[in-house]
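Below, chain A is the first sequence line, B the second, and so on; all start at residue 1.
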Protein chains: 2
Amino acid sequence: MTAQQLTRNQALVLDALSAAEAPLSAYTILDKLRGDGFRAPLQVYRALEKLQDFGLVHRLESINAFVACAHPDEDCCSHGLTAFTICESCGKVTEFHDHMIEERLAAFASDRNFRPGKTTIEIRGHCAGCA
Amino acid sequence: MTAQQLTRNQALVLDALSAAEAPLSAYTILDKLRGDGFRAPLQVYRALEKLQDFGLVHRLESINAFVACAHPDEDCCSHGLTAFTICESCGKVTEFHDHMIEERLAAFASDRNFRPGKTTIEIRGHCAGCA
DNA sequence: CAACTTATGTAATAACATTACATTTAGATT
DNA sequence: AATCTAAATGTAATGTTATTACATAAGTTG
């Protein structure tokens with residue numbers, strides 16, 4: 001996915017996520033953007049979908065929420081697997097990549113002729129500050 | 001979590017999941033069990049919660065659905081991480097454990113003083129039969 | 001039995017996400 | 001510039017997933 005000019009809605013949603021300290025739900029984003037003319041969930045979901053396509057936003061499956069990519073410039077999300085730690089106290093999310101985990105998962109899939117699509121790795125717990 | 005006598009509702013929910021070829025949503029389970037007297041979502045969610053505590057059922061976060069544990073006798077789910085492949089065509093789920101992945105994730109968490117709780121690893125894709 | 005904990009029943013509501021359809025905008029083509 | 005087309009947008013309605021609140025019943029332990 002190559003660099004991309006964002007539409008107004010996409011830019012607003014990305015800004016909202018970038019400004020947030022923690023992941024936001026689609027409906028929280030909607031509420032934040034009502035002042036900018038947002039009125040319906042679909043406006044948010046559509047922008048989120050594109051932003052995910054562009055590798056600028058990640059969806060955290062285990063908490064139904066979204067975060068801005070930590071290093072979008074590296075096109076990080078297309079070259080492999082992204083994993084997350086998610087603090088259940090403060091919401092802080094850390095994004096990381098581990099080549100060995102990627103290989104092990106790929107090997108497992110390959111052994112079973114399973115063709116992998118999107119992979120989710122999320123560790124919920126408590127961060128250093130909240131321990 | 002030690003072996004456990006299940007209540008009627010818990011047993012019914014577990015049986016429904018065990019009989020299914022693919023993961024079931026809570027509401028699908030509810031519909032299957034209406035003939036057994038189930039009337040409300042909470043009956044299902046409460047049973048599912050306990051069954052997860054007992055290590056007899058897993059929740060698949062990325063598809064909001066539940067599966068019976070593939071090898072509940074081994075108490076598999078308490079001794080470590082469980083990972084899944086999920087076929088997006090036929091719904092088939094394969095459960096697996098990988099000690100090295102477990103170690104890598106633990107090491108990452110430890111390095112950052114992140115105290116891990118529940119970890120999710122789910123690979124969505126297409127199984128050999130559906131490729 | 002009394003006190004307590006666990007499980008259950010039921011209704012209502014909250015939270016998350018999609019379908020359907022009409023309209024507008026932005027780029028490309030002529 | 002006028003036209004065409006694909007992408008994006010607006011809006012309403014609905015579908016799906018999960019929880020809160022409160023009342024009742026059943027099992028456990030002193």
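Put simply, Arg39(B) has a side-chain N or O that comes within less than 4.0 Å of OP1 or OP2 on dT10(C). Look at Thr7(B) and you'll find a side-chain N or O under 4.0 angstrom from OP1 or OP2 of dT8(C). The phosphate of dT8(C) has neither OP1 nor OP2 within less than 4.0 Å of any side-chain N or O from Gln43(B).
Rounded to an integer number of Å, the gap from Leu6(B) CG to dT6(C) P is 17 Å. Summarising the geometry, the separation between CG on Leu30(B) and C1' on dA18(D) is reported as 13 Å, rounded to the nearest angstrom. Nucleotide dT8(C) holds its C1' atom 15 Å from the CG atom of Leu48(B), rounded to whole Å. Rounded to whole Å, the distance from CG on Asp53(B) to P on dT6(C) is 12 Å. Atom CD in Glu49(B) sits about 13 Å away from atom P in dT6(C), given to the nearest Å. Between Leu24(B) atom CG and dT16(D) atom P the separation is 15 Å, expressed in whole Å. Rounded to an integer number of Å, the gap from Phe38(A) CZ to dT11(D) P is 12 Å. Distance CD (Gln10(A)) to P (dA26(C)): 13 Å, rounded to an integer number of Å.
Taking CZ from Phe96(B) and CG from Asp111(A), the interatomic distance works out to 10.5 Å, rounded to the nearest 0.5 Å. Here the CG-OG1 distance, from Leu51(B) to Thr7(B), works out to 8.0 Å after rounding to the nearest 0.5 Å.
Using a cut-off of 4.0 Å between Lys/Arg side-chain N and Asp/Glu carboxylate O, Lys118(A) and Glu61(A) are scored as salt-bridged.
Within the 3.5 Å criterion, the main-chain N or O of Leu14(A) finds a donor-acceptor partner in the side chain of Ser18(A). Judged by distance alone, with hydrogens and angles left aside, the side-chain atoms of Glu122(A) form no donor-acceptor pair with the main-chain N or O of Ile86(A) at under 3.5 Å. Side-chain atoms of Glu49(A) never come within 3.5 Å of backbone atoms of Arg46(A) as a donor-acceptor pair (strictly under, hydrogens ignored).
Residues Arg46(A) and Asn9(B) both approach DNA chain C. Their nearest nucleotides, taken by heavy-atom distance, put Asn9(B) toward the 5′ side.
Using bins of under 30°, 30° to 60° and over 60° for the plane-to-plane angle, the ring pair His71(A)/His97(A) lands in the tilted bin.
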Between the protein and nucleotides 16-18 of chain C, list every N/O to N/O distance that falls short of 3.5 Å.
from: dA17(C); atom 1: OP1; to: Arg59(A); atom 2: NH1; distance (Å): 2.7
from: dA17(C); atom 1: OP1; to: Arg59(A); atom 2: NH2; distance (Å): 2.3
from: dA17(C); atom 1: OP2; to: Tyr45(A); atom 2: OH; distance (Å): 3.1
from: dA17(C); atom 1: O5'; to: Tyr45(A); atom 2: OH; distance (Å): 3.4
from: dA17(C); atom 1: N7; to: Tyr27(A); atom 2: OH; distance (Å): 2.7
from: dA17(C); atom 1: N6; to: Tyr27(A); atom 2: OH; distance (Å): 3.1

